Amino acid sequence: MGRAATAVAALAAAAIALAPFLAGDGFVYHVAILVAIEGLLAVSLHLTLRIGQLSLAQGGFMGIGAYASALLARDAGLPFPLALVGAVVIAAAIAAALGTVILRVRGVQFALLTFGLGEAIVLIFVEFVVPFGGNNGLMGIPPASLGPLSLQARPAFYGFALAVVFLVLLAVRGLLAGTPGMVLRSLADNEPLSRSLGTDELAWRRLVFAASAAVAAISGSLYAHYLGYISPEAFNVGATVKALIMNVVGGVGLLAGPLIGALILVPLPELFRASVRYQQLLYGLSLLALMLFLPRGLGGLLAGRSRP
Amino acid sequence: MLRLIRHAALAATILSAIAGAAGARAQAQETLKIGVLGTLTGPGATWGLAIDGGARIAADEVNAKGGLKVGDKAYKVEIVAYDDQYKAASAVTALNRLAGPDGVRFVLGPIGSASLLAIKPITERDKIVLFTASWSAAVLKDSNYIFRVGPTTQEFAPATIAWLKRTHPAVKRIATVSANDETGWNSQRIQKEAYGKAGLEVVAAEHFERQQTDFRALLTKLLAAKPDSIELDTTPPPTAGLIIRQAREQGYKGLFTKFGGFDVAEIVRTAGADYAEGVVGISQGDPASPEWARLREAYAKHHKNEMGDFVFLFYDAARLLFAGIERAGTATDVDKVVKAIEQSAPFPGTVGPLTWGGKEAYGVDHQIYTPLYLVAIQEGAGRVIGKVDLQ
Amino acid sequence: MFQQFLVIMALSAAIYMLLALGFTLIFGVMRVVNFAHGEFVMLGAYALYVVQDVLGVGYAAALPLAALVAGLVGVVCERLVFRRFVGDEIGSMIVALALAVTLKGAVTAVFGTDGPSIARPISGVVTLGGAVIPKDQLFAAAVALVLVALTHRLLVATRLGLAMRAVAQDAEAARLQGMRPWTTYPAAFAVGCALAGFAGALTAPIYGAAPDMGDAALMKAFVVVVLGGLGSIPGALIAALLLGALDAGISILFDPTLAALASFGAVIAVLLFRPSGILGRA
Amino acid sequence: MRLELDSVGLRYGPVTALSDVTLTVATGTTAAVIGANGAGKSSLLRAIAGLEPLAAGRIVADGADLARLDTEARIRLGIALSPEGRRLFPEMSAADNLRAGAFTRRAGPAVRRDLDRVYTLFPRLAERRASLARNLSGGEQQMCAIGRAVMSEPQLLLLDEPSLGLAPKVVGDMARAIATIAASGVTVLLAEQNSRLALSLAQTGHVFEAGRLARSGPAAALLNDGDVLRAYLGEEVASPPAGPIPAVPLPL
């Protein structure tokens with residue numbers, strides 16, 4: 001993209017991000033907040049795709065973030081920012097520890113492994129009623145606030161979520177543009193070569209995997225403190241699949257792809273709601289059509305068509 | 001060229017969907033939207049569809065009489081229904097829609113306790129009135145805007161168990177089965193307590209997952225405790241039917257009671273008439289009564305499934321709400337409407353007077369008492385065999 | 001209680017085998033992880049409902065017809081959807097997920113979300129050594145085992161089976177023998193989906209049908225196939241027995257959630273330490 | 001079967017694999033295709049078998065243009081390729097691999113007779129017929145691969161590097177087997193890095209260099225040609241081991 005095109009894209013992104021403030025409608029804020037939260041989960045999945053491994057456990061990591069943040073704030077009495085940080089640290093640490101073992105598995109096997117892992121995480125929330133509340137989930141999660149500044153009102157929470165998304169994108173871009181990204185690209189191009197060059201490729205992949213879990217945990221923490229209520233099924237593999245579809249719709253080759261996907265897919269059920277009976281069918285057909293006719297996603301359209 | 005056509009077709013699909021949604025929002029004016037929030041799909045759907053059916057029957061009646069008279073205006077009542085899929089998170093999103101773009105202040109539902117407890121902080125804060133059949137004890141505590149439309153395990157368990165002791169003196173050992181969530185935990189706890197108080201031994205208490213259909217392992221464990229009667233509690237009726245059938249197939253000869261949401265048609269459908277024979281439950285209405293026939297006919301205009309007894313609860317609740325709004329003279333001042341409803345007891349219900357109480361148990365008199373029948377399944381149909389005395 | 005455990009384990013394992021067989025066959029031949037496998041089970045159940053309860057055909061005829069419907073839909077899906085993703089393992093997984101949503105949606109649109117009322121052609125029980133065995137479950141398990149045996153015959157003793165195995169192991173070398181992968185793929189899909197359809201049609205009278213019944217079926221097939229090693233049929237048979245034992249045992253002693261947790265734990269352990277499955281060469 | 005190639009060109013994306021190849025193999029003769037690694041020998045055989053689309057030119061078998069025929073149709077026409085690296089079905093028995101070779105034929109006495117011929121040609125294979133292909137030794141695998149190609153009853157047999165990675169004694173066995181097949185009237189096109197072996201089995205030889213046909217001539221003449229000797233026969237590069245057989249499950 002040229003300089004002008006980049007500027008136009010940035011302006012468009014800013015306009016879309018700020019649009020809810022102009023609309024001012026409570027439900028628009030609600031949908032916008034969900035776009036931000038689910039978009040973050042999609043970004044976290046995007047990171048795992050960048051290391052060439054489709055992780056279906058990202059919903060589980062979002063759950064770990066949500067439950068950790070909720071328990072830290074509600075039962076341990078930590079203020080929201082500390083609970084958020086704590087949740088991110090816990091999820092990233094779990095991912096780093098698991099990554100040492102599971103990242104050795106590649107390809108379809110890795111997708112299946114994380115599918116099992118994601119289901120297992122959710123089943124743990126269901127099975128251990130103390131402290132996770134079982135199928136009931138956790139209620140009465142304190143609303144978000146930054147010191148004296150309450151984020152309970154939707155516009156305030158949306159502003160906060162927007163800032164978080166922006167910071168996460170900056171961090172992810174830094175990660176992908178810096179040394180890790182370089183190593184990862186060389187891994188994707190020729191893994192044996194970079195391995196023979198002495199790169200500890202597993203360590204780099206583990207770093208990115210932990211970062212992806214951290215982003216998922218941020219998403220989970222925002223979700224918990226926004227809704228004030230969490231339950232296990234919100235974090236099952238279905239949630240990950242939704243994030244995956246966002247990546248596909250938005251374009252997997254583009255950092256903005258997952259967010260474009262979230263922007264389209266989160267409000268999509270609202271469009272089809274008029275016909276409840278056909279909602280799921282229309283949704284599925286649109287997805288199939290997208291995958292068959294726009295394999296590079298909508299982001300691919302924007303980035304021009306360089307592929308034959 | 002082909003690619004261009006494909007893109008154009010895709011764009012057209014998306015645009016038409018957007019246009020459709022926008023069109024749906026364009027109407028309104030002089031209509032009062034009443035929300036329905038219930039499980040419209042899956043195993044709990046009989047109850048959710050009962051909310052929707054009851055609300056629509058009541059709305060049809062009001063609209064046929066020229067609408068709701070509020071002050072000098074007449075509102076046409078419109079029902080807006082959302083499915084919570086028995087999931088709390090879906091309930092929160094649905095409520096956000098009802099309260100946001102739909103501008104709804106009065107909601108019938110939900111049934112799931114988790115759904116209700118998840119939305120309660122929002123509805124209490126934003127002053128949205130709920131008429132729920134959710135049975136958790138925590139529903140009415142610290143709430144000002146929630147009414148519970150019918151008696152719960154808490155209210156009827158002593159009476160139903162007394163009936164069991166009187167009519168089945170040989171029954172000594174009880175097993176209970178309930179769903180593994182707030183609804184099941186709460187009702188099972190109350191049942192166990194009440195059975196214990198009545199001097200019956202609870203020999204097994206099991207929980208299942210809502211999407212479960214295979215109960216062979218659970219029943220193996222349960223039947224090993226040799227119960228005389230199995231209490232199916234708040235288990236959704238289609239699931240209850242499967243449990244009954246699989247228990248009978250494993251050789252269980254004892255009694256089944258389902259004191260907590262009963263649906264003869266659903267239980268007979270999934271258990272089979274032979275296996276369902278003799279199952280005893282409670283019902284809001286008498287299936288042989290003319291009222292039942294009238295509502296059943298009206299219900300058939302909205303939903304294809306066989307009407308369940310919860311239609312009585314929500315039909316009456318909707319009528320109670322409409323009367324409250326007319327009496328308060330406002331459809332916007334929620335506090336006034338709540339006050340008006342509180343003051344309208346006893347209200348003429350479909351099968352008898354509705355009264356309310358609950359102050360000592362829940363701290364607020366928002367527990368509505370309705371007449372309750374004991375029903376046994378005989379040859380695939382429900383027969384009233386007694387009435388439950390709630391006081 | 002132990003006899004009952006054995007009965008539940010054996011009956012479940014037979015159905016799990018059938019569920020897993022089609023899933024592992026399609027993966028073996030096409031390298032497609034068919035996340036829509038459960039939806040083909042669901043299609044079989046609904047097809048049985050339509051053929052038996054709406055059209056009034058007897059169960060004995062309705063059962064294979066229902067499987068045929070699932071198989072035909074499988075062929076159509078292969079042609080329209082999966083063929084474009086051959087060789088793209090991740091892409092085919094994603095498109096299968098989209099297909100699952102679509103099939104579920106299509107059935108919901110036609111039949112609604114409530115399960116239909118399906119007649120039970122077989123009832124009664126047999127008692128064996130203190131254990132009670134419902135006849136309908138026994139019938140389903142027996143048919144499942146027959147189908148497993150027939151599929152095995154198909155693969156080892158027929159031209160089509162030879163082609164399926166050859167394409168699975170080396171598609172290009174198979175072409176050099178005059179086999180056409182483009183006709184073998186739909187055949188594998190037809191067989192795999194018809195087996196799923198059979199599983200649905202066999203269990204529908206016992207457990208009922210619902211649009212989302214495929215999720216549970218997929219989970220079982222998934223666990224069995226991964227434990228047994230992707231694409232390995234003997235592995236799947238042993239893994240089905242193992243899952244049957246794990247499921248019944250833990251459900252009886254503790255609860256079904258813990259049983260599910262244990263089976264996923266086993267999946268994770270196998271993928272980490274023996275990625276080619278319990279029978280595979282580590 | 002008479003094989004004619006007319007100005008054949010082949011590309012892999014931007015890379016030219018073959019250009020302007022014109023040659024003829026007469027019915028019932030054996031032709032050797034020799035050249036260094038990457039000279040285009042495999043590409044040539046794959047193009048004839050229909051695995052690679054042509055960028056230019058045409059391939060004619062017994063007067064019929066093959067352009068519109070896919071691999072499967074060419075096999076039915078009588079063209080069989082035993083590919084580089086053998087490409088057996090690893091999880092099938094040797095016997096099933098041979099069965100797969102006869103896939104296009106109706107099962108019957110003719111197929112059974114050919115099976116006996118393969119087992120006579122390779123007695124070792126007969127002993128190992130029940131073993132999974134992945135458990136066979138390199139030589140046995142090569143025998144199985146050639147046998148599999150023979151089972152389709154070819155009139156034109158394309159052999160890609162049959163001696164690759166084999167012990168010298170086994171190479172001798174293989175050469176005798178190829179000579180026996182050729183003697184039965186089958187046209188053979190033999191691509192080999194072991195040029196001396198190939199030329200000694202063939203009547204004509206074709207030398208490839210960077211995707212072009214550098215020289216053609218009678219095999220005996222090429223064997224005695226000083227340039228060819230220096231360029232291709234003097235420096236027998238140690239052959240890399242055969243690629244691993246891709247491990248694909250679905251074993252039965």
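Quick caveat, the model's predicted, so the values are computed rather than measured. All values below were derived from every heavy atom in this structure, side-chain atoms included, with hydrogens, water molecules and symmetry-related copies excluded.
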Side-chain contact test, heavy atoms from C-beta onward, threshold under 4.5 Å: evaluate it for [X] versus [Y] and give yes or no.
{"X": "C:V226", "Y": "A:F115", "answer": "no"}
{"X": "C:V81", "Y": "A:M291", "answer": "no"}
{"X": "C:V225", "Y": "A:L112", "answer": "no"}

A:F128 CZ to C:T257 OG1 distance, which is reported to the nearest 0.5 Å: 10.5 Å
Quick check for you: to the nearest 0.5 Å, what is the distance between C:T108 atom OG1 and A:Q280 atom CD? 5.0 Å
Which portion of C:D255 sits near chain A, non-hydrogen atoms under 4.5 angstrom: side chain
Tell me which of these, [options], has more heavy-atom pairs under 4.5 Å with chain C than the rest.
{"options": "A:V101, A:V108, A:L54, A:I245", "value": "A:V108"}
{"options": "A:V122, A:L49, A:V248, A:V241", "value": "A:V241"}
{"options": "A:L287, A:V252, A:T114, A:L285", "value": "A:L285"}

Indicate the atoms forming the closest heavy-atom contact of [X] with [Y], along with that distance.
{"X": "A:Q109", "Y": "C:L271", "value": "CG-CD2, 3.6 Å"}
{"X": "A:A111", "Y": "C:M93", "value": "CB-CE, 3.0 Å"}
{"X": "A:A120", "Y": "C:I268", "value": "CB-CD1, 4.3 Å"}
{"X": "C:T102", "Y": "A:L281", "value": "O-CD1, 3.5 Å"}
{"X": "A:L56", "Y": "C:F35", "value": "CD1-CZ, 4.2 Å"}
{"X": "A:L288", "Y": "C:A98", "value": "CD2-CB, 3.9 Å"}

For chain A, find which of [options] contributes the most heavy-atom pairs closer than 4.5 angstrom.
{"options": "C:I94, C:V223, C:V267", "value": "C:I94"}
{"options": "C:V33, C:L97, C:V107, C:L80", "value": "C:L97"}
{"options": "C:A109, C:A266, C:A262, C:S263", "value": "C:A109"}

Heavy-atom distances under 4.5 Å only: say whether A:L117 touches chain C with side chain, backbone, both or neither. both
Heavy-atom count around C:F111 CZ within 6.0 Å, excluding the residue itself: above 12? yes
